[in-house]
Amino acid sequence: MLEKEAPHLLEKRETKERREGLPELNNATKGKVVLRFAPNPNGPLSFGHARGLVINSTFRAMYDGEFILRFDDTDTKVKPPMLEAYAQIQEETEWLTGRKPDRVIIASDRMDVYYQRAREMLSQEFGYVCQCPAEVFKEHRVTKTECPCRNRSTQSNIELWEAMLDGQFQPGDVVVRVKTDMTLKNPALRDWPALRLQDTTSHPHPRQNIGSKYVVWPLLDFQSAVEDQAQGVTHIIRGKDLMDSTRKQTLLYQHFGWTYPETMYWGRVKVHEWGGFSTSQMRKDIETGTYGGWDDPRLPTLGALRERGITSEALRGFWLELGITQKDISVPLATLYAHNTKSVDDTAPRLSFLRNSNVFELQGEDIPGNLELATHPNHPSMGTRTWNLETGTILLEESDCHQNKVRLKEFADIALHGGIARFQGLQRSDKRPIVHWLPDGCGGPATLIETANGVIHRTDGYLEHHEHPIGTIVQLERIGYAKILDDKTLIVCHEAKSEGA
RNA sequence: GCUCGUAUAGUGUAGUGGCCCAUCAUGAAGGACUCUCAUUCCUUCGACCCGGGUUCAAAUCCCGGUACGAGCACCA
């Protein structure tokens with residue numbers, strides 16, 4: 001009896017173990033999973049985009065599948081694409097996921113595919129050209145009534161379609177709709193628009209070979225649905241704001257006789273310290289000079305985070321930990337910083353940096369000529385740095401100079417009097433505070449950049465000499481992690497905790 | 001208004017009827033280690049939205065309420 005139950009209990013016990021990482025995908029076969037992430041290249045990637053990249057690319061790895069990066073650049077007016085973003089997004093994707101996407105698709109290169117499907121839709125009578133003004137159709141949608149255009153003949157639909165392509169209409173005059181059902185419970189799904197006109201003469205597409213070539217453009221729901229089918233996408237994981245997109249697209253798939261991919265959604269994420277940022281708004285603020293550029297450290301772009309020393313590993317850990325719940329959440333940056341500390345501490349060389357340094361003359365007997373310090377306290381293999389004491393003068397941070405007795409870290413006890421630092425022996429003799437310091441001549445002027453509450457602060461100071469290459473993330477002792485931007489500038493990785501937040 | 005979705009510690013997250021007086025992380029507080037206010041380690045704090053129902057048994061299923069979010073664009 002007990003033996004009978006034992007295996008059962010054991011099995012159950014295992015399922016209760018805390019799940020590590022992402023959950024399983026429904027209907028997924030190893031080697032046959034195709035995922036995609038489809039940003040609009042109207043600017044470089046931001047923090048939020050990282051979620052789509054991390055989640056989708058991690059599933060790709062889990063199932064040994066394929067990952068597609070797709071540029072949904074089908075709006076030239078409301079969210080005009082930015083030419084430089086195409087290359088930048090690809091580069092950032094590779095940085096973040098550690099791998100090139102298996103395929104890169106640009107929607108504006110695929111217009112013939114969308115046109116072909118639109119034509120099929122019209123000739124197979126599950127789409128129609130609608131000439132109702134937006135306001136009028138809205139009325140139909142609300143009252144669940146069909147608009148007169150809905151019963152147009154196939155012949156007439158095709159003719160109007162040709163006229164659209166031919167430029168015989170103005171944007172706003174005409175649109176191609178998917179025939180669903182005007183009595184559908186969900187108003188969002190009622191005869192939704194699939195393609196519309198754009199004035200690409202006054203708003204040309206920034207890609208040279210596209211420019212003003214097309215006036216008829218697919219809308220997201222149509223373009224995305226058709227492209228997912230064309231690429232054989234098996235699983236779509238995206239924000240839950242696109243849940244109705246799934247429903248719209250499923251209706252389209254039914255018309256075409258296709259099977260819609262498996263879908264999963266994540267909720268909205270807000271970061272306490274950032275509020276709402278939109279790519280369009282950032283673009284404006286950069287143009288007006290509010291921000292210095294896309295990698296301005298105050299901005300939540302991937303470029304900015306990377307620039308100030310947030311590693312791709314930390315970003316991955318952060319998003320994987322949030323997973324794919326549909327809950328709307330608000331997270332503090334401290335969570336991201338905790339991941340970053342983990343990813344960075346083990347390899348960050350230690351350096352001394354003095355903000356507002358004061359000079360003291362070091363006096364006393366038996367003072368050694370130089371000093372050897374570990375580059376990293378836990379890793380002797382990272383080598384040592386040597387400080388020469390022969391100038392006889394040392395520097396301390398101003399804020400550490402108000403005490404009479406301090407211990408110079410890794411060196412000696414001293415007593416401070418006026419401009420004199422009296423050497424009191426190498427041994428630590430009491431519990432006096434330990435401060436970081438530098439011998440004069442062992443460093444040079446440098447600036448530390450830090451952002452706090454949306455303001456950039458620059459602190460001039462005295463930085464220990466080093467030979468770490470630009471881009472190295474170091475730890476400034478007693479200050480925090482910082483990234484080397486050039487030979488005289490560093491930027492703080494994790495902004496200080498803001499009080500009262 | 002209509003439609004859809006979500007509700008577990010301060011913040012995130014695990015948990016799909018008994019292993020749960022609930023997991024892990026982060027945070028806060030305390031401590032150990034350390035010649036950094038770093039790292040590492042230990043301890044403590046702290047939660048199943050509310051009300052009904054089903055059941056021997058509910059965080060887990062059902063109904064209602066409440067709260068929050070999203071969609072209803074010729075944006076993505």
Side-chain angles (χ1 to χ4, degrees), chain A residues 9-10 12-13 15-20 23 38-42 72-75 77-81 107 130 132-134 137-138 141-142 144 170-177 184-190 192-198 216-217 219-221 223-224 238-248 265 267-270 272 278-280 317-318 320-323 325-332 334-339 341-342 344-346 348 350 352 373 376-379 407-413 426-428 432-436 475-481 497:
Chain A
L9 285 173
L10 275 170
K12 272 235 150 179
R13 166 71 63 185
T15 64
K16 273 289 185 180
E17 294 296 314
R18 180 163 215 271
R19 201 197 71 226
E20 277 297 321
N40 181 339
N42 63 336
D72 281 352
D73 58 346
T74 55
D75 185 294
K77 190 180 175 185
V78 183
K79 292 179 176 173
C130 178
C132 298
F137 191 84
K138 188 174 180 182
R141 182 169 48 234
V142 174
K144 303 185 179 182
Q170 290 303 306
D173 290 351
V174 60
V175 64
V176 176
R177 295 187 181 282
L184 251 21
K185 273 173 68 180
N186 188 340
L189 312 184
R190 297 172 194 157
W192 54 271
L195 300 101
R196 84 325 200 164
L197 262 20
Q198 290 192 103
V216 179
W217 285 84
L219 270 334
L220 169 83
D221 290 310
Q223 177 272 131
S224 178
R238 58 184 169 193
K240 71 172 185 182
D241 52 311
L242 295 178
M243 273 181 162
D244 281 344
S245 273
T246 297
R247 298 182 183 107
K248 287 189 226 176
Y265 309 92
R268 226 175 138 65
V269 174
K270 261 203 306 199
H272 290 176
S278 76
T279 302
S280 313
F318 174 86
L320 252 17
E321 186 173 80
L322 297 196
T325 63
Q326 289 186 30
K327 239 164 104 175
D328 298 318
I329 54 174
S330 183
V331 288
T335 306
L336 175 63
Y337 295 157
H339 282 280
T341 296
K342 274 194 191 74
V344 137
D345 183 77
D346 228 27
R350 268 51 175 174
S352 196
L373 303 162
H376 191 297
N378 305 342
H379 300 292
R407 174 153 183 92
L408 302 180
K409 186 171 181 298
E410 309 269 14
F411 177 50
D413 285 354
L426 295 172
Q427 291 308 308
R428 185 166 189 191
R432 67 183 74 189
I434 295 164
V435 303
H436 63 299
Q475 191 205 71
L476 303 178
E477 287 177 331
R478 295 179 73 221
I479 296 173
Y481 303 99
K497 291 161 201 162

Could you state the atom-to-atom distance from CG of A:D244 to P of B:C75 in whole Å? 17 Å
A:K79 side chain reached by A:T279 side chain, heavy atoms, under 4.5 Å: no
It should be established whether A:T74 places a side-chain nitrogen or oxygen under 4.0 Å from OP1 or OP2 of nucleotide B:A76. yes
Within the 4.0 Å heavy-atom criterion, would you say A:K185 contacts the bases, only the backbone, or no part of the nucleic acid? sugar-phosphate
Quick one: label A:R247 by what it contacts on the DNA or RNA (base, sugar-phosphate, nothing), any heavy atom closer than 4.0 Å. sugar-phosphate
Between A:Q326 and A:Y265, which heavy-atom pair has the shortest distance, and what is it? CG-O, 3.5 Å
Let me know the distance between NE2 of A:H272 and C1' of B:G10, rounded to the nearest Å. 9 Å
Just call it for A:E410: base, sugar-phosphate, or nothing, with non-hydrogen atoms closer than 4.0 Å on any strand. base
Compare side-chain N and O positions of A:K342 against OP1 and OP2 of B:U26 and report whether any pair is under 4.0 Å apart. yes
So what does A:T341 touch, heavy atoms closer than 4.0 Å: a base, only the sugar-phosphate, or nothing? sugar-phosphate
Ignoring the backbone of A:R177, work out which of B:G5, B:C74, B:C2 is nearest its side chain. B:C74
Determine the Euclidean distance between corresponding P atoms of B:A76 and B:A14; express it in Å to zero decimal places. 32 Å
Any donor-acceptor pair under 3.5 Å between the side chain of A:K79 and the base of B:C75? yes
Report yes if a donor N or O on one partner sits less than 3.5 Å from an acceptor N or O on the other, where the partners are the side chain of A:R407 and the base of B:C35; otherwise report no. yes
Options B:U11, B:U36, B:A70, nucleotide nearest the side-chain atoms of A:D241: B:A70
Contact class for A:L220 (heavy atom, under 4.0 Å): base, sugar-phosphate, or nothing? base
Atom CG of A:D328 to atom P of B:A70: distance rounded to whole Å? 7 Å
Side-chain N or O of A:K327 closer than 4.0 Å to phosphate OP1/OP2 of B:G5: no
Taking CD1 from A:I434 and C1' from B:U36, how many angstroms apart are they, rounded to a whole number? 8 Å
Have a look at A:L408 and say if it touches a base, only the backbone sugar-phosphate, or nothing, with a 4.0 Å heavy-atom cut-off. base
Using a cut-off of 4.0 Å on non-hydrogen atoms, how would the nucleic acid contact of A:T325 be classed: base, sugar-phosphate, or nothing? sugar-phosphate
Give RNA chain B the dot-bracket treatment, 5' to 3': Watson-Crick (N1-N3 with N6-O4 or O6-N4) or G-U (N1-O2, O6-N3) under 3.5 Å, [ ] crossing, | other strand. (((((((..(((.....[.....)))((((((.......))))))...(((((..]....))))))))))))....
Do A:V331 and A:F318 have side chains that approach each other closer than 4.5 Å (heavy atoms only, starting at C-beta)? yes
Taking the same atom, C1', in B:U23 and in B:G46, what whole-Å distance lies between them? 14 Å
Check whether any side-chain nitrogen or oxygen of A:R350 sits under 4.0 Å from OP1 or OP2 of B:U34, and answer yes or no. no
Considering only heavy side-chain atoms of A:D72, the closest of B:A76, B:U26, B:U36 is B:A76
A:R268 vs B:G69: side-chain N/O to OP1/OP2 distance below 4.0 Å: no
So if I take every side-chain heavy atom of A:D345 and compare against B:A76, B:G69, B:A38, which nucleotide ends up nearest? B:A38
Which one, B:G71, B:A76, B:U36, comes nearest to the side chain of A:N186? B:G71
Identify which nucleotide among B:C74, B:G5, B:G71 has an atom closest to any side-chain atom of A:P187, counting heavy atoms from C-beta outward. B:G71
Nearest-angstrom distance, C1' atom, B:U55 to B:G5: 28 Å
Expressed as a whole number of angstroms, how long is the span from A:N378:CG to B:C33:P? 16 Å
Using modelled atom types only, decide if a donor and an acceptor are shared between the side chain of A:R407 and the backbone of A:L426 within a distance under 3.5 Å. yes
Within the 4.0 Å heavy-atom criterion, would you say A:P133 contacts the bases, only the backbone, or no part of the nucleic acid? base
d(CD, A:Q198; P, B:C75) in whole Å: 7 Å
What contact category does A:A134 fall into here, base, sugar-phosphate, or nothing, at under 4.0 angstrom with non-hydrogen atoms? base
Below 4.0 Å: OP1/OP2 of B:A76 and any side-chain N or O of A:S224: no
Considering all heavy atoms of both residues, which atom of A:P332 and which atom of A:H272 are nearest to each other, and what is their separation? CB-ND1, 3.5 Å
Kindly indicate whether the side chain of A:L242, heavy atoms from C-beta on, has any atom under 4.5 Å from the side chain of A:L220. yes
Looking only at atom P, what distance separates B:C41 and B:C24, rounded to whole Å? 14 Å
Picking from B:U6, B:C2, B:A38, the nucleotide nearest the side-chain atoms of A:R190 would be B:C2
At under 4.0 Å between heavy atoms, what does A:P377 touch on the DNA or RNA strands: base, sugar-phosphate, or nothing? base
Which whole number of Å gives the distance between the C1' atom of B:A38 and that of B:U34? 10 Å
Is any side-chain N or O of A:Q475 under 3.5 Å from a base N or O of B:U36, one able to act as donor and the other as acceptor? yes
Atom CG of A:L242 and atom C1' of B:C75 are separated, to the nearest Å, by 11 Å
Assign each of A:L426 and A:L195 to its nearest nucleotide of RNA chain B by heavy atoms, then name whichever residue's nucleotide is nearer the 5' end. A:L426
Between P of B:C4 and CG of A:L184, the distance in whole Å: 11 Å
On RNA chain B, nearest-nucleotide positions of A:P23 versus A:V78: which is more 5'? A:P23
Which heavy-atom pair separates A:Y481 from A:T341 by the least distance, and what is that distance? OH-CG2, 3.7 Å
Could you tell me whether the side chain of A:R478 reaches within less than 4.5 Å of the side chain of A:V435, counting heavy atoms only? yes
Would one find a side-chain N or O of A:R238 under 4.0 angstrom from OP1 or OP2 of B:A76? no
A:S330 near the nucleic acid: base, sugar-phosphate alone, or nothing, with a heavy-atom cut-off under 4.0 Å? sugar-phosphate
Quick one about A:D75 and A:N40 (side-chain donor to acceptor, distance below 3.5 Å, no hydrogens or angles considered), yes or no? no
When all nucleic acid strands are considered with a 4.0 Å heavy-atom cut-off, which category describes A:G323: base, sugar-phosphate, or nothing? nothing
Looking only at side-chain atoms of A:Y481, point me to the closest of B:C74, B:A25, B:U39. B:U39
Remember a base hit wins even if backbone is also touched, and classify A:F411 as base, sugar-phosphate or nothing at under 4.0 Å, heavy atoms. base
Could you check whether any side-chain N or O of A:R190 sits under 3.5 Å from a backbone N or O of A:L184, counting only pairs where one atom can act as donor and the other as acceptor? yes
A:I329 side-chain proximity, nearest of B:U13, B:U11, B:C74: B:U13
